[in-house]
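All values below come from the heavy atoms of this structure, side chains included, with hydrogens, waters and symmetry mates left out. All values reported here derive from a predicted model rather than from experimental measurement.
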Amino acid sequence: MLSLRRLDETTIRVPIEGDNWHTTWADDGHQYALQCDGLHYNSRLWRLVGDPPWIRFEFLEGYPELISAAKPEVNRYYGFGITSFGGAIYHYLSTPNHFFDEPGARFVGAKLIWSPDGGATWRNQHG
């Protein structure tokens, strides 16, 4: 029977608040981690640089500013998926019909954005 054993000595803990943490490997040899529900942002994308246990998380400056509850008047998108193929990074975002503190909130909108240059710039269906 196969089993899985957690090895705490191989776990790297980082001081970044958020959840979900979807990840992908890109053609540039880096792993990218997508954070959702952070303290100040709905979503942020990080490039992992280095080798364990000396990994460093670099925020991608060109990633769209997806502000969280700090600006409630702004429609929010949440990052829920990421993959890389052919030198580009593809990222799926979803948005709710209204804020989650109101009854009946659910995800109703979707958007695909992509970066042709390792996260420096991002494009959507409008280019």
Side-chain angles (χ1 to χ4, degrees):
M1 173 185 279
L2 295 175
S3 66
L4 180 68
R5 185 170 49 106
R6 181 175 151 169
L7 302 173
D8 284 330
E9 65 274 13
T10 65
T11 300
I12 299 170
R13 302 193 191 292
V14 294
I16 301 170
E17 183 178 313
D19 59 23
N20 294 330
W21 293 102
H22 304 279
T23 60
T24 190
W25 288 100
D27 289 350
D28 64 6
H30 289 102
Q31 187 175 19
Y32 290 82
L34 176 62
Q35 165 201 354
C36 189
D37 288 338
L39 182 60
H40 299 290
Y41 296 87
N42 284 349
S43 296
R44 287 206 122 177
L45 185 59
W46 303 88
R47 178 187 298 119
L48 281 63
V49 178
D51 295 312
W54 299 281
I55 295 288
R56 172 173 99 250
F57 282 64
E58 290 182 347
F59 172 65
L60 299 178
E61 295 293 331
Y63 186 76
E65 293 288 323
L66 300 173
I67 309 296
S68 72
K71 291 196 175 184
E73 71 279 4
V74 177
N75 288 333
R76 299 191 276 179
Y77 279 92
Y78 295 81
F80 285 119
I82 187 167
T83 191
S84 179
F85 178 77
I89 300 171
Y90 298 90
H91 175 23
Y92 165 77
L93 299 155
S94 186
T95 190
N97 58 339
H98 54 261
F99 294 109
F100 290 108
D101 58 356
E102 300 173 22
R106 63 189 186 283
F107 285 102
V108 295
K111 180 181 286 270
L112 179 68
I113 63 174
W114 74 95
S115 173
D117 53 15
T121 60
W122 290 87
R123 299 177 180 173
N124 63 17
Q125 73 274 16
H126 302 295

Item to complete: Check whether any side-chain N or O of S115 sits under 3.5 Å from a backbone N or O of T121 as a donor-acceptor pair, and report yes or no.
Response: yes
Worksheet item: Looking only at heavy atoms, what is the nearest atom pair of G87 and D27, with distance?
Response: N-OD2, 2.6 Å
Worksheet item: Considering residues at least two apart in sequence or located in another chain, which fulfil the side chain to side chain contact (heavy atoms under 4.5 Å, CB included) criterion with D51?
Response: none
Discussion item. Please determine whether residues F59 and L34 belong to a single hydrophobic cluster, defined as Ile, Leu, Val, Met, Phe, Trp and Tyr linked transitively by side-chain heavy-atom distances below 4.5 Å.
Written reply: yes
Worksheet item: Going from CH2 on W114 to CG on N124, what distance comes out if it is rounded to the nearest 0.5 angstrom?
Response: 7.0 Å
Worksheet item: Can I55 be reached from Y32 by stepping across I, L, V, M, F, W or Y side chains whose heavy atoms are under 4.5 Å apart?
Response: yes
Worksheet item: Taking only residues two or more places apart in sequence or in another chain, which ones pass ring pair (Phe, Tyr, Trp, His ring centres under 6.0 Å) with F85?
Response: none
Item to complete: Work out which heavy atom in G79 is nearest to a heavy atom in S43; give both atom names and the distance.
Response: N-OG, 2.5 Å
Worksheet item: Are W21 and L48 in one and the same hydrophobic cluster, where Ile, Leu, Val, Met, Phe, Trp and Tyr link if side-chain heavy atoms are under 4.5 Å apart?
Response: yes
Practice prompt. Examine distances only and state if a side-chain atom of R47 and a backbone atom of G118 form a donor-acceptor pair shorter than 3.5 Å.
Written response: yes
Worksheet item: Does one side chain, of H91 or Y63, offer a donor that lies under 3.5 Å from an acceptor on the other?
Response: yes
Worksheet item: What's the spacing between Q35 CD and N20 CG if we round to 0.5 Å?
Response: 10.0 Å
Practice prompt. Keeping the roles fixed (side chain from D28, backbone from H30), state whether a donor-acceptor pair exists under 3.5 Å.
Written response: yes
Fill in: Minimum heavy-atom distance between P96 and V108, given as atom pair plus value
C-CG2, 3.9 Å
Discussion item. Any side-chain to backbone donor/acceptor pair from S84 onto T24? Under 3.5 Å, distance only.
Written reply: no
Worksheet, complete the sentence: CG (L93) and CZ (F107) are apart, to the nearest 0.5 Å, by 10.5 Å
Worksheet entry | Taking every non-hydrogen atom, the tightest pair across Y77 and K111 | OH-CE, 3.7 Å
Discussion item. Determine whether a donor-acceptor pair (N or O, by modelled atom type, separation under 3.5 Å) exists between the side chain of S94 and the backbone of A110.
Written reply: no
Fill in: Separation between CH2 of W46 and CD of Q31, rounded to the nearest 0.5 Å
14.5 Å
Discussion item. In terms of relative ring orientation, are F80 and Y92 parallel, tilted or perpendicular, with 30° and 60° separating the classes?
Written reply: tilted
Worksheet entry | Separation between CZ of F57 and CG of L45, rounded to the nearest 0.5 Å | 11.0 Å
